[in-house]
There are 2 protein chains.
Amino acid sequence: MLTIGKLARAGAISTDALRYYEREGLLVPASKTGSGYRLYGEDAVRRVRFIQHAQACGFTLAEIRELLHLRQSNSACCNDVRSRTIEKKLQLAAKIRSMQAMSTVLDQLINECADGTQPVDDCPILAALERIEGDGGRMS
Amino acid sequence: MLTIGKLARAGAISTDALRYYEREGLLVPASKTGSGYRLYGEDAVRRVRFIQHAQACGFTLAEIRELLHLRQSNSACCNDVRSRTIEKKLQLAAKIRSMQAMSTVLDQLINECADGTQPVDDCPILAALERIEGDGGRMS
DNA sequence: CTTGACTTTGAAGTTGACTCCAAGGTTTAT
DNA sequence: ATAAACCTTGGAGTCAACTTCAAAGTCAAG
């Protein structure tokens with residue numbers, strides 16, 4: 001069993017964030033000591049990593065909580081998870097395309113601008129950034 | 001010249017957001033009418049699109065402002081922009097990898113779970129989400 | 001057995017990127 | 001010439017995801 005500080009170090013996260021996740025219903029400690037210290041099992045480390053990874057992929061904590069809770073409600077059917085997953089997958093694909101377009105342009109520009117001696121007025125990076133086409137969608 | 005409402009419609013953004021961008025130094029109107037109405041040139045539409053695209057790629061408004069301001073300061077050298085660009089490009093590449101990993105897993109799971117009839121307890125999506133490996137990094 | 005590192009709670013504060021509102025002034029269409 | 005649709009400012013409110021704080025209890029090392 002891990003105390004909150006150990007879990008925090010294992011997950012590269014703050015203890016406050018862990019307590020916040022608990023308030024938000026994402027990560028409840030397995031038990032508590034007599035004096036009220038939170039105790040987490042090893043699965044908590046995996047769950048923290050899952051939360052972090054899902055966040056990095058653009059899921060909000062509310063969405064992550066939904067997924068985690070769906071698993072616990074044995075009445076719900078896999079279909080619920082499936083449709084959410086498909087929706088998220090489509091959003092993710094759009095974001096990836098957008099980011100790849102930006103990445104390609106940045107690459108080109110880093111090369112174009114390779115000598116680094118041009119004044120900013122003429123910097124091709126900024127000129128080209130304005131030419132990027134994308135869906136204009138926001139991140140979340 | 002566009003009034004703020006026209007620009008808002010052209011950029012699929014709210015007038016409040018445009019005024020917010022002005023306060024934040026990202027988009028200043030070209031001029032004002034005698035009665036104080038903001039007037040924007042056509043380049044404002046491109047600038048709005050640039051801001052939106054850069055946001056979609058994970059740049060914060062502060063970073064976008066920096067880039068936009070660098071262009072205006074004729075003393076600064078292209079090198080400044082270049083190093084920022086390289087840094088951003090690396091971050092972007094890491095995010096793309098992370099998102100592609102998630103995307104692949106979601107794809108597999110959507111297929112595995114194709115009939116949608118399993119109860120959530122056995123849903124392979126949730127089981128597999130916990131197995132994902134990534135850098136655990138946050139989005140911004 | 002004391003010192004220092006750790007933990008608790010609850011509440012308030014922060015940041016980013018807006019959004020909403022009130023109380024007006026301006027333009028445009030009919 | 002008047003109603004509808006637009007614009008102005010300043011400030012407050014919102015939301016997510018934390019962080020910081022205060023005041024106090026607990027645990028581990030020497």
Side-chain angles (χ1 to χ4, degrees), chain A residues 1-40 44 47-68 88 91 136-140, chain B residues 1-40 44 47-68 88 91 136-140:
Chain A
M1 290 297 227
L2 303 161
T3 59
I4 197 167
K6 300 268 170 78
L7 177 57
R9 275 186 291 275
I13 193 173
S14 73
T15 57
D16 283 314
L18 290 175
R19 281 186 278 259
Y20 172 72
Y21 287 169
E22 183 176 350
R23 283 200 297 285
E24 294 296 306
L26 277 95
L27 178 60
V28 178
S31 61
K32 285 203 175 192
T33 66
S35 53
Y37 279 30
R38 290 166 179 81
L39 291 174
Y40 299 89
R47 187 174 275 230
V48 167
R49 282 205 233 285
F50 167 59
I51 294 169
Q52 289 171 331
H53 190 77
Q55 275 189 309
C57 292
F59 290 77
T60 65
L61 290 188
E63 290 167 327
I64 298 168
R65 178 181 47 214
E66 266 189 80
L67 284 173
L68 293 169
K88 268 295 157 194
Q91 286 174 18
R138 294 272 309 289
M139 207 55 198
S140 93
Chain B
M1 292 296 227
L2 302 162
T3 59
I4 198 168
K6 300 267 170 79
L7 177 57
R9 277 185 290 273
I13 192 172
S14 73
T15 56
D16 279 317
L18 290 174
R19 281 186 279 259
Y20 173 71
Y21 288 169
E22 183 176 349
R23 283 200 295 287
E24 294 295 305
L26 277 94
L27 178 62
V28 178
S31 61
K32 286 203 174 191
T33 67
S35 54
Y37 280 29
R38 290 167 179 81
L39 291 175
Y40 299 89
R47 187 174 276 229
V48 167
R49 283 205 233 286
F50 167 60
I51 295 169
Q52 289 171 330
H53 190 77
Q55 275 188 310
C57 291
F59 290 77
T60 65
L61 290 188
E63 291 168 326
I64 298 168
R65 178 180 47 215
E66 266 189 79
L67 284 173
L68 293 169
K88 270 295 156 190
Q91 287 175 20
R138 292 274 308 292
M139 208 56 202
S140 92

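So that the names make sense, note that chain A is the first sequence line, chain B the second, and so on, each numbered from 1.
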Novice: Does Q55(B) place a side-chain N or O at less than 4.0 Å from the phosphate oxygens OP1/OP2 of dC18(C)?
Specialist: yes
Novice: Search all heavy atoms of S14(A) against all heavy atoms of A8(A) and return the closest pair with its distance.
Specialist: C-CB, 4.2 Å
Novice: Would you give the length of the straight line joining atom CG of L18(A) to atom CZ of R47(A), rounded to the nearest 0.5 angstrom?
Specialist: 12.5 Å
Novice: Atom OH of Y21(A) and atom P of dA17(D): how far apart are they, to the nearest Å?
Specialist: 8 Å
Novice: Within this structure, what is the CG-to-P distance between L18(B) and dC6(D), rounded to whole angstrom?
Specialist: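 So the CG-P distance, L18(B) to dC6(D), works out to 15 Å.
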Novice: Could you measure the distance from the CD atom of E66(B) to the OG1 atom of T60(B)? Nearest 0.5 Å is fine.
Specialist: 8.0 Å
Novice: dA17(D) C1' sits how many Å from R65(A) CZ, rounded?
Specialist: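 Between C1' of dA17(D) and CZ of R65(A): 12 Å.
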Novice: Can you pull every protein N or O that's under 3.5 Å from an N or O on nucleotides 27-29 of chain D?
Specialist:
from: dC27(D); atom 1: OP1; to: S35(A); atom 2: OG; distance (Å): 2.8

Novice: Taking only residues two or more places apart in sequence or in another chain, which ones pass side-chain hydrogen bond (donor to acceptor under 3.5 Å, both in side chains) with E22(B)?
Specialist: R38(B)
Novice: Could you work out, with side-chain contact (heavy atoms from CB on, under 4.5 Å) as the rule, every residue matching A54(A), not counting sequence neighbours?
Specialist: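 For A54(A), the residues satisfying side-chain contact (heavy atoms from CB on, under 4.5 Å) (neighbours in sequence not counted) are F50(A), F59(A), I64(A), M102(B).
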Novice: Whole angstrom is fine here: how far is it from CG in L2(B) over to P in dC6(D)?
Specialist: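 Going from L2(B) (CG) to dC6(D) (P), I get 15 Å.
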Novice: Checking E24(B) side chain against R65(B) main chain: does a donor-acceptor pair fall under 3.5 Å?
Specialist: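 Here the side-chain-to-backbone pair does not exist.
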Novice: Could you check how far NZ of K6(A) sits from C1' of dT7(C), rounded to whole Å?
Specialist: 12 Å
Novice: Just N and O in the side chain of R19(B): are any of them under 4.0 Å from OP1 or OP2 of dT8(D)?
Specialist: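 For dT8(D), OP1 or OP2 has a side-chain N or O of R19(B) closer than 4.0 Å.
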Novice: For Q52(B) and dA17(C), what is the distance between atoms CD and C1' respectively, to the nearest whole Å?
Specialist: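 The answer, rounded to whole Å, is 13 Å.
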Novice: What pairs of nitrogen or oxygen atoms, one from the protein and one from nucleotides 19-23 of chain D, lie under 3.5 Å apart?
Specialist:
from: dT19(D); atom 1: OP2; to: S14(A); atom 2: OG; distance (Å): 2.7

Novice: Relative to the 5' end of DNA chain D, which residue comes earlier, T3(B) or A62(A), by the nucleotide with the nearest heavy atom?
Specialist: T3(B)
Novice: Compare side-chain N and O positions of R38(A) against OP1 and OP2 of dT7(C) and report whether any pair is under 4.0 Å apart.
Specialist: no
Novice: Going by atom type alone, with no hydrogens or angles, which donor-acceptor pairs under 3.5 Å involve a side-chain atom of residues 26-34 of chain B and a protein atom two or more places apart or on another chain?
Specialist:
from: T33(B); atom 1: OG1; to: S35(B); atom 2: N; distance (Å): 3.4
from: T33(B); atom 1: OG1; to: S35(B); atom 2: OG; distance (Å): 3.1
from: T33(B); atom 1: OG1; to: G36(B); atom 2: N; distance (Å): 3.3
from: T33(B); atom 1: OG1; to: Y37(B); atom 2: N; distance (Å): 3.0

Novice: Output every pair passing salt bridge (Lys or Arg N to Asp or Glu O under 4.0 Å) with a member in residues 2-16 of chain A, not counting sequence neighbours, ordered by first then second residue.
Specialist: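 Residue pairs with at least one partner in residues 2-16 of chain A: D16(A)-R19(A).
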Novice: Could you check how far CG of L39(B) sits from C1' of dC6(D), rounded to whole Å?
Specialist: 13 Å
Novice: Show, in sequence, the C-alpha distance, side-chain angles and deciding distance for L39(B) and T3(B), and conclude whether the side chain to side chain contact (heavy atoms under 4.5 Å, CB included) test is met.
Specialist: CA-CA 5 Å; L39(B) 291 175; T3(B) 59; 4.3 Å; yes
Novice: Measure the distance from NZ on K32(B) to C1' on dT27(C) and round it to the nearest whole Å.
Specialist: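 Answer to the nearest Å: 17 Å.
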Novice: At their closest point, which heavy atom of I4(B) faces which heavy atom of T15(B), and how far apart are they?
Specialist: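 Minimum heavy-atom contact is CD1-O, 3.7 Å.
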Novice: Stem list for DNA chain C, please, built from Watson-Crick and G-U wobble pairs under 3.5 Å and keeping only runs of at least 3.
Specialist: C:1-30 with D:1-30
Novice: Minimum heavy-atom separation for Y21(A) and L61(A), please, with both atom names.
Specialist: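 The pair with the smallest heavy-atom distance is CE2-CD1, 3.7 Å.
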